[in-house]
Amino acid sequence: EWLALVISRRRERQPDQLKLIQSHIGPMPDALNQPAELACWVAALINPIPALGVAYEIRPAILLAPTVSDMIGIASKGLLLSIEKLRQGPEL
């Protein structure tokens with residue numbers, strides 16, 4: 001849903017920016033076997049450089065999280081808040 005919202009709200013700052021980001025970060029890690037990697041992957045997706053400007057910055061919090069559970073919680077909350085923000089924005 002997040003990817004579709006970013007595209008439908010025309011939040012990419014250059015053509016095919018999401019495709020480029022995904023090519024850099026690779027496929028989504030498995031949630032059961034690689035939860036820490038998944039949290040980092042989500043952070044890289046929603047907080048790329050250059051920024052999309054659609055999510056709170058969660059990378060530092062992910063890196064400083066004391067447990068994998070905390071990492072997943074931060075990534076989940078960041079993604080959900082970004083989806084809410086994108087849903088509220090005008091569709092272009």
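As the structure is a computational prediction, the values presented were derived from the model and not from experiment.
Between Leu20 and Gln14, the closest side-chain pair of non-hydrogen atoms falls below 4.5 Å. Ile72 has its side chain out of reach of Val42: every pair of non-hydrogen atoms, C-beta onward, lies at least 4.5 Å apart. The shortest side-chain heavy-atom distance between Gln17 and Ile21 falls under the 4.5 Å cut-off. Trp2 has its side chain within reach of Leu45: a pair of non-hydrogen atoms, C-beta onward, lies under 4.5 Å apart. In this structure, Glu37 and Met28 have side chains that are not in contact, with every pair of non-hydrogen atoms separated by 4.5 Å or more. The side-chain heavy atoms of Leu3 and Leu18, taken from C-beta on, include a pair separated by under 4.5 Å. At a threshold of 4.5 Å between non-hydrogen side-chain atoms, the residues Gln22 and Pro27 do not count as touching.
Here the straight-line distance linking atom NZ of Lys85 with atom CG of Leu81 works out to 10.0 Å at 0.5 Å rounding. Atom CG of Asp16 sits about 8.5 Å away from atom CD1 of Ile7, to the nearest 0.5 Å. Atom OG of Ser8 and atom CZ of Arg87 lie 11.0 Å apart (nearest 0.5 Å).
The pair Arg59-Glu57 meets the salt-bridge criterion, since a charged nitrogen lies less than 4.0 angstrom from a carboxylate oxygen. Of the charged side-chain nitrogens involved, none lies within less than 4.0 Å of a carboxylate oxygen, so that Lys19 and Glu12 do not count as a salt-bridged pair.
In this structure, the side chain of Asn47 engages the main chain of Ile58 through a donor-acceptor pair within 3.5 Å. The main-chain N or O of Gly53 is found under 3.5 Å from a side-chain atom of Arg11 such that the two form a donor-acceptor pair.
Of all the heavy atoms in Asp70 and Ala65, the pair that sits closest is CB-CB, 3.9 Å. Considering all non-hydrogen atoms of both residues, Cys40 and Met71 come closest at SG-CE, 3.7 Å. Shortest non-hydrogen contact noted between Ile74 and Ala61 is CD1-O, 3.5 Å. Here the shortest heavy-atom pairing between Arg9 and Leu86 reads NE-O, 2.8 Å. Between Val68 and Ala36 the shortest heavy-atom distance is CG1-N, 3.8 Å.
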